2 protein chains.
Amino acid sequence: MEIRSFTIQTLERLPYYLHYMESRETEDVSSRDLANALGLNEVQVRKDLAAVSSKAGRPRRGFERKPLIRDIREALGFGRMDEAVIVGVGHLGTALINYKGFRELGLRIVAGFDLQVEDEIWVNETPVFSSDRLKNLIPRLNVKMAILTVNSENAQAVCDELVAAGIRAIWNFSQVMLNVPDNVIVRNENMAASLAVLSEYLSTGNNK
Amino acid sequence: MEIRSFTIQTLERLPYYLHYMESRETEDVSSRDLANALGLNEVQVRKDLAAVSSKAGRPRRGFERKPLIRDIREALGFGRMDEAVIVGVGHLGTALINYKGFRELGLRIVAGFDLQVEDEIWVNETPVFSSDRLKNLIPRLNVKMAILTVNSENAQAVCDELVAAGIRAIWNFSQVMLNVPDNVIVRNENMAASLAVLSEYLSTGNNK
């Protein structure tokens with residue numbers, strides 16, 4: 001299989017293209033349709049589609065919708081199933097374990113870890129272990145991705161343990177900017193910043 | 001009160017500055033300290049702090065830590081309390097209602113709406129109503145912010161109802177790029193994109 005890679009910006013737009021196309025019934029879809037429907041720049045859309053599509057778009061008709069859907073799903077990794085552990089099984093961690101959408105996106109949460117757990121407990125079909133066992137179990141599970149939903153105070157220490165245990169991709173829901181080695185990627189879900197942006201807009205009308 | 005406004009990029013970095021400074025005990029903190037600790041560009045940090053701080057940084061010593069903490073908290077709107085409704089009270093919606101961190105960030109979720117609810121139910125101390133009542137209740141509650149956690153299929157239709165009911169800021173957890181009028185702001189939490197970025201990195205090592 002040819003491995004292609006995309007910019008983060010392209011990857012961020014792909015789920016929106018996919019949803020738009022899956023909601024249509026036409027045979028073809030053009031960059032212009034997508035750009036108009038999603039409020040994006042048409043040149044940008046054309047570049048994104050050229051990067052993911054295995055076929056060229058045809059003048060005036062655009063892309064065949066179904067093959068393009070397949071290509072985008074492949075680019076987004078929906079075909080491959082990733083496994084992850086989740087560390088910090090409070091309200092948010094539990095919600096993420098229970099979130100059915102992840103399966104569809106190709107993510108399986110194989111285990112959880114939490115400081116408060118003494119022995120093994122189960123959240124639906126996912127086992128949750130004491131955080132003490134993280135060092136040992138992650139290499140045995142051979143998992144490379146971790147979802148971090150611990151408190152801010154513990155985030156960097158837990159992150160260090162995860163990296164030592166072989167984790168190479170961290171989805172960070174804590175409010176800490178993590179320090180990691182160069183070969184580890186961190187993706188921040190920064191709820192405080194999102195909220196600040198919305199709140200700022202409501203209080204000042206500033207949308208820049 | 002002087003109303004200042006910040007770029008989204010600055011607002012996104014502020015929670016990290018805040019967390020770093022709250023974890024220190026020194027009297028002063030410099031742009032360089034922050035830049036080094038967080039792996040950011042020093043010039044960028046200096047600009048951000050100049051935009052939020054009510055006092056100038058002093059050569060060689062930097063900023064007084066405590067006043068700067070106050071200024072950042074104010075810039076992030078921690079002083080003001082925003083109210084929001086949440087639409088779609090499934091696993092994710094319930095987790096957000098239960099998420100204690102929001103209070104600290106100045107957000108109070110005053111009501112939920114869900115298609116599946118016939119009469120009023122309660123999730124802890126938050127009332128959840130049938131979605132039919134959204135049109136009526138939102139103007140009466142005088143709430144301007146909504147958290148959208150409905151399925152993709154319903155997202156645009158619900159968004160339209162929210163806008164018609166007077167909502168001006170939408171925190172969008174669905175996977176749909178919403179169409180809204182110019183006077184409404186949308187902040188996307190795109191979990192599919194985040195996951196794609198992490199998964200892509202694990203499969204190709206691409207981190208760009």
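Here the structure is a predicted model, which means the values were calculated and not measured.
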Colleague: Please flag which part of Phe173(A) lies under 4.5 Å from any non-hydrogen atom of chain B: side chain, backbone, both or neither.
Modeller: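 Side chain of Phe173(A) only, per the 4.5 Å heavy-atom cut-off to chain B.
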
Colleague: Between Glu125(A) and Arg108(A), does any NZ, NE, NH1 or NH2 come within less than 4.0 Å of an OD or OE carboxylate oxygen?
Modeller: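 No, no charged N to carboxylate O under 4.0 Å.
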
Colleague: Could you tell me which portion of Asn98(A) (side chain, backbone, both or neither) has an atom closer than 4.5 angstrom to a non-hydrogen atom of chain B?
Modeller: both

Colleague: Please state whether the side chain, the backbone, both or neither of Leu198(A) comes within less than 4.5 Å of a heavy atom of chain B.
Modeller: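 The answer is both parts of Leu198(A).
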
Colleague: Below 4.5 Å, heavy-atom pairs only: which of Asp82(B), Ile170(B), Val176(B), Asn179(B) has the largest tally toward chain A?
Modeller: Val176(B)

Colleague: Against chain B, work out which of Leu18(A), Ile147(A), Asn188(A) has the most heavy-atom pairs shorter than 4.5 Å and name it.
Modeller: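 Counting heavy-atom pairs under 4.5 Å, the top option is Asn188(A).
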
Colleague: Out of curiosity, Gln9(A) CD to Lys47(A) NZ, how far, rounded to the nearest 0.5 Å?
Modeller: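 The NZ atom of Lys47(A) is 12.0 Å from CD of Gln9(A), to the nearest 0.5 Å.
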
Colleague: Who among Ser152(A), Ala37(A), Gly93(A), Gly106(A) has the most heavy-atom pairs with chain B under 4.5 Å?
Modeller: Ser152(A)

Colleague: Using distance alone, with no hydrogens and no angle criterion, decide if Asp28(B) and Thr26(B) have a side-chain donor and acceptor under 3.5 Å apart.
Modeller: no

Colleague: Can a side-chain donor-acceptor contact be found between Asn124(B) and Thr126(B) if the only test is distance below 3.5 angstrom?
Modeller: no

Colleague: So what's closer than 4.5 Å to chain B heavy atoms on Leu96(A): side chain, backbone, both or neither?
Modeller: side chain

Colleague: Most heavy-atom pairs under 4.5 angstrom with chain A, which of Arg13(B), Glu189(B), Glu153(B), Glu22(B)?
Modeller: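 Greatest number of close heavy-atom pairs with chain A: Glu189(B).
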
Colleague: Measure Leu14(B) against the heavy atoms of chain A and call it side chain, backbone, both or neither at under 4.5 Å.
Modeller: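 The answer is neither part of Leu14(B).
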
Colleague: Just verifying a value: how many Å separate Asn172(A) CG and Ile185(A) CD1, rounded to the nearest 0.5 Å?
Modeller: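 Taking CG in Asn172(A) and CD1 in Ile185(A), the distance rounds to 12.5 Å.
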
Colleague: Is it true that a side-chain atom of Ser130(A) and a backbone atom of Phe113(A) form a donor plus acceptor pair closer than 3.5 Å?
Modeller: no

Colleague: Can you tell which of Ser23(A), Ala84(A), Ser199(A), Ala169(A) has the highest number of heavy-atom pairs within less than 4.5 Å of chain B?
Modeller: Ser199(A)

Colleague: Give, as side chain, backbone, both or neither, the part of Leu40(A) having an atom under 4.5 angstrom from any heavy atom of chain B.
Modeller: side chain

Colleague: Salt bridge check: are Arg70(B) and Glu74(B) linked by an N-O gap of less than 4.0 Å?
Modeller: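 Not counted as a salt bridge, because no side-chain N and carboxylate O are separated by less than 4.0 Å.
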
Colleague: Would you check if the side chain of Arg168(A) reaches a backbone N or O of Asn183(A) as a donor-acceptor pair within less than 3.5 Å?
Modeller: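 The answer is yes, because a donor-acceptor pair under 3.5 Å joins these two groups.
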
